[in-house]
K.L.:
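Quick one: this structure, given as C-alpha cells, is what I'll be asking you about.
Computed from a predicted model, the values in this text were never measured in an experiment. Letters go in sequence order (proteins before strands), and every chain restarts at 1.
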There are 2 protein chains.
Amino acid sequence: MTGDPAFPQVENAPSGSRRERVRKATSEEIKEIARRHLTAHGASGVSLRAVAREMGMTAPGLYRYFGSLGDLLEALQADLFAELAAAVDAAEAALPAADTDGRLLSALRAVRAWGLANRAEFALLFGPATTQTFPEDGSPASEAGRRFAATFVALFDRLIAEGRFTVPEEPEASPTLCAQLEAFARLTGFGGDRASIGAIRVMLRCWVRFYGIVCMEVFQHLAFVSDDMEALFEAELRDLARDLGVAYQAP
Amino acid sequence: MTGDPAFPQVENAPSGSRRERVRKATSEEIKEIARRHLTAHGASGVSLRAVAREMGMTAPGLYRYFGSLGDLLEALQADLFAELAAAVDAAEAALPAADTDGRLLSALRAVRAWGLANRAEFALLFGPATTQTFPEDGSPASEAGRRFAATFVALFDRLIAEGRFTVPEEPEASPTLCAQLEAFARLTGFGGDRASIGAIRVMLRCWVRFYGIVCMEVFQHLAFVSDDMEALFEAELRDLARDLGVAYQAP
DNA sequence: GTTCTTGCGTGAACGCCGTAAACAAGCAAC
DNA sequence: GTTGCTTGTTTACGGCGTTCACGCAAGAAC
C-alpha cells in the first residue's frame, strides 16, 4: 500500500496500490450511476440491480463495495453534501473576501439554486430521515453535513466579529433554551469568543427561516402560488438580511 | 340489514346501498391497516401485499379499491390532512371564540404536536413530493390540503380584521412578487376585503418560518442540538407572535 | 323463481427488487 | 508453484407492484 515493498513502487501513479485505485474507480462509477438514477427517479428509484446492470455487473458484486443499498445512499449523501458545499464555496469565492454581505447572500442563493437544480438530491439531504439514510453520528455523511454547515457558521461568525447585527434584548430565554443554544454553539464551534446567546439565537432563527423557504420551494409546497418563487425568495432574503444587519443587494 | 325488504329503500340505514356500505367498509379497513404500516415503517413500508395479507386477502383484490399503491398513499394523504385539520380545530375549539391570540398559538402548537406524534404521516404530507404521492390539482388529497390551510387562513384573516399587526412599509415589493401574492390571496380566498399586499406578505413570512421550524424538528435535522426542541419552538413562536401583534402566552 | 349482470376476490404469471451463501477466477506474495 | 485474499458470478429465497383470466356470489330484471 505505502511507499516501497521491494522498491519498485516509485508511485508516480495517483496514489495507493493498483488494487486500491481500481477499487476506488469502480466505487466511484457505482456512485456515479446511482446519482444519475437518483436524479432521474428519486431516491426510491435507485436500485442495486439496475446500477449493476448498467455497468455490466451482477447485483451481488456491488456488495463488495457497499454493505447495502442504504449504505450506498448514505455514501451518496456524503458526496452530495460535499458537492453542495463546493457550490457554496464557489459562489462565495467569486466575491472579494472583504465583502461579507455579498458573500453571505451569494452563499444562500447558491444553496437555493443547487436545490432547485437537484431536487431529489436536496430531498435526500434535507428531507425526512427515513429508515434508510440514517447518518450515524460519526459517519462520513454526517461529517460531510457538518462541513457544509461549517461554511455558514463561518460566515455568521464573521458577522458577529464585525458586530453587524444588534442582538435583541431577550430576557425571556428560558434556561432550557439557553442550555440548548450553548450546546449548539459548542457542537458547531460557533462564535468562538463572542458566542452570546442572543447571537446564536439570531443565527438559528435565520437558518430556520432559510430552511423553510428553500424546502417549501424545492419540495413544491407552494407550487400553487407560482412555478417560479424567486421573487418570494428574494423578499425573504431581504428580510433576513435586515435582521442580520447585512446590506441586501439584488442578485 | 336495512329496515324492510318489502318496500325497501326507506333508508334508515347509514347511507347508500348495502353494496356501497360494505365497499366503503373494506376501503376504510385497507386505509386503516396501511396507516398502521405507515406509522410503523414509513411511507416506503406500505405495501399492497402486506396490507392484503393482514386482512386475509390477496394483493390483486385491493385493485378493486385503489388503482395503485400510489393511489392508496394519496388517499391516505387526504385522510391525514383531514385528521390534522381536526386536531387543529379541536385545539382551537378548546378556547373561547373571542380569544384569537390563544387560538392561533394553540393551533400552531397542535400542528407541531401532531407532527411529532406522527412523523411518517407528517413527512407524507409535507415532505418532498416524490414520484408517488403527486396530489393532482383537483384531487381529494389536494382538496384536503386546501381545507387544512383554510383553517389557518381563517385565523390570519381574523388578525387582519382585528387590525392586529402593523403592516410594515415595504415599498420594495417587486411587481412580480405583488402579482404572486395577489394570486396567492385569490387562490386561498385570503383577506376578502382588506387583502393588502403587505398583510399577505406577513402571513406568508410567518407560515414559512413555522414550516421551517416544524419540519426541522420532525425531520430531525436539529437532533444534534437536543432531542427535545420544545424550548426552541416556543422561542420561535414568541417571535412569530410578536410579528403578528399577537400576545404570546406560554403553553 | 329463474335468469342476467355486475362487482369482488383469487390464482397464476411477469418482471422487478435486496440480500445471503457457495463457488470460481485473478492477482499478490512467499 | 503454492497459498491466500479480493473480486465477481451463480444460484436461491422471499418480497414487491401489477396484469389477466377466471370463478363466484349477490343484486337486478323479469
Side-chain angles (χ1 to χ4, degrees), chain A residues 1-9 13 16-30 33-34 37-38 40-76 130-133, chain B residues 1-2 4-9 11 13 16-30 33-34 37-38 40-76 130-133:
Chain A
M1 289 162 192
T2 72
D4 41 345
F7 33 99
Q9 272 63 359
S17 73
R18 168 177 173 79
R19 276 282 243 260
E20 279 170 342
R21 271 179 292 124
V22 60
R23 180 179 177 80
K24 179 103 180 172
T26 52
S27 183
E28 288 301 320
E29 187 185 355
I30 293 172
I33 297 178
H37 291 196
L38 173 64
H41 310 107
S44 67
V46 179
S47 84
L48 291 179
R49 289 192 119 107
V51 170
R53 204 180 307 132
E54 187 166 333
M55 54 194 287
M57 277 181 65
T58 59
L62 300 191
Y63 280 81
R64 299 288 175 193
Y65 297 90
F66 299 95
S68 71
L69 175 61
D71 286 9
L72 171 54
L73 286 173
E74 200 174 323
L76 265 179
T130 68
T131 323
Q132 305 272 50
T133 175
Chain B
M1 277 174 183
T2 74
D4 38 344
F7 29 105
Q9 271 55 5
E11 291 304 345
S17 71
R18 168 181 170 79
R19 277 280 245 263
E20 279 169 342
R21 272 178 292 125
V22 60
R23 180 181 175 80
K24 179 104 179 172
T26 51
S27 184
E28 288 302 320
E29 188 185 355
I30 294 172
I33 298 177
H37 291 196
L38 173 63
H41 310 107
S44 67
V46 180
S47 84
L48 291 179
R49 288 192 121 108
V51 170
R53 204 179 307 131
E54 186 165 335
M55 53 192 290
M57 279 183 60
T58 57
L62 300 191
Y63 281 81
R64 298 286 176 191
Y65 298 89
F66 299 95
S68 70
L69 175 61
D71 286 9
L72 171 56
L73 285 173
E74 200 174 322
L76 265 179
T130 67
T131 323
Q132 305 273 50
T133 174

K.L.:
What's the spacing between B/Leu69 CG and B/Tyr63 OH if we round to 0.5 Å?
P.N.:
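Result: 7.0 Å between the selected atoms.
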
K.L.:
Would you find a donor on one side and an acceptor on the other, under 3.5 Å apart, between the side chain of B/Glu20 and the backbone of B/Ser17?
P.N.:
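Side chain of B/Glu20 to backbone of B/Ser17, a donor-acceptor pair under 3.5 Å: yes, one is there.
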
K.L.:
In whole angstroms, how far is the C1' atom of C/dT6 from the CD atom of B/Glu20?
P.N.:
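Result: 14 Å.
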
K.L.:
With sugar-phosphate meaning primed atoms plus P, OP1 and OP2, does A/Gly45 contact a base, only sugar-phosphate, or nothing at under 4.0 Å between heavy atoms?
P.N.:
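It contacts nothing in the nucleic acid.
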
K.L.:
In whole Å, what is the span from the CZ atom of B/Arg19 to the C1' atom of C/dG7?
P.N.:
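B/Arg19 atom CZ is separated from C/dG7 atom C1' by 5 Å.
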
K.L.:
Could you state the interatomic distance from CG (A/Leu72) to CG (A/Leu76), rounded to the nearest 0.5 Å?
P.N.:
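If I round to the nearest 0.5 Å, the distance is 5.0 Å.
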
K.L.:
Using a cut-off of 4.0 Å on non-hydrogen atoms, how would the nucleic acid contact of A/Arg23 be classed: base, sugar-phosphate, or nothing?
P.N.:
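Result for A/Arg23 = sugar-phosphate.
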
K.L.:
For A/Met57 and C/dT19, give me the distance from atom CE to atom C1', rounded to whole Å.
P.N.:
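It is 14 Å, rounded to the nearest whole Å.
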
K.L.:
Find every protein N or O atom lying less than 3.5 Å from an N or O atom of nucleotides 17-22 of chain D, and list the pairs.
P.N.:
residue : atom : partner : partner atom : Å
D/dG17  : OP1  : B/Leu48 : N            : 2.8
D/dG17  : OP2  : B/Leu48 : N            : 3.3
D/dG17  : OP2  : B/Arg49 : N            : 3.0
D/dG17  : N7   : B/Arg49 : NH1          : 2.4
D/dG17  : O6   : B/Arg49 : NH1          : 2.7
D/dT18  : OP2  : B/Tyr63 : OH           : 2.7
D/dT18  : OP2  : B/Leu69 : N            : 2.8
D/dT18  : O5'  : B/Tyr63 : OH           : 2.9

K.L.:
Nearest whole Å is fine: how far is C/dT19 C1' from A/Asp71 CG?
P.N.:
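Result: 13 Å.
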
K.L.:
Could you check which of D/dG8, C/dC17, D/dT9 has an atom nearest any side-chain atom of A/Arg53?
P.N.:
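Out of D/dG8, C/dC17, D/dT9, the nucleotide with an atom closest to A/Arg53's side chain is C/dC17.
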
K.L.:
Which heavy atom of A/Met55 sits nearest a heavy atom of A/Ile33, and at what distance?
P.N.:
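Shortest heavy-atom contact: CB-CD1, 3.8 Å.
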
K.L.:
Using a heavy-atom cut-off of 4.0 Å across all strands, would you classify A/Phe66 as base, sugar-phosphate, or nothing?
P.N.:
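It contacts nothing in the nucleic acid.
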
K.L.:
What distance do B/Glu29 atom CD and B/Met57 atom CE have between them, rounded to the nearest 0.5 Å?
P.N.:
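Nearest 0.5 Å value for the CD-CE distance: 9.0 Å.
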
K.L.:
Measure across B/Arg64 and B/Arg23 and return the closest heavy-atom pair with its distance rounded to 0.1 Å.
P.N.:
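Taking every non-hydrogen atom into account, O-NH2, 2.6 Å.
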
K.L.:
With a cut-off of less than 4.0 Å, is there a side-chain N or O of B/Tyr65 near OP1 or OP2 of C/dG7?
P.N.:
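For C/dG7, neither OP1 nor OP2 has a side-chain N or O of B/Tyr65 closer than 4.0 Å.
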
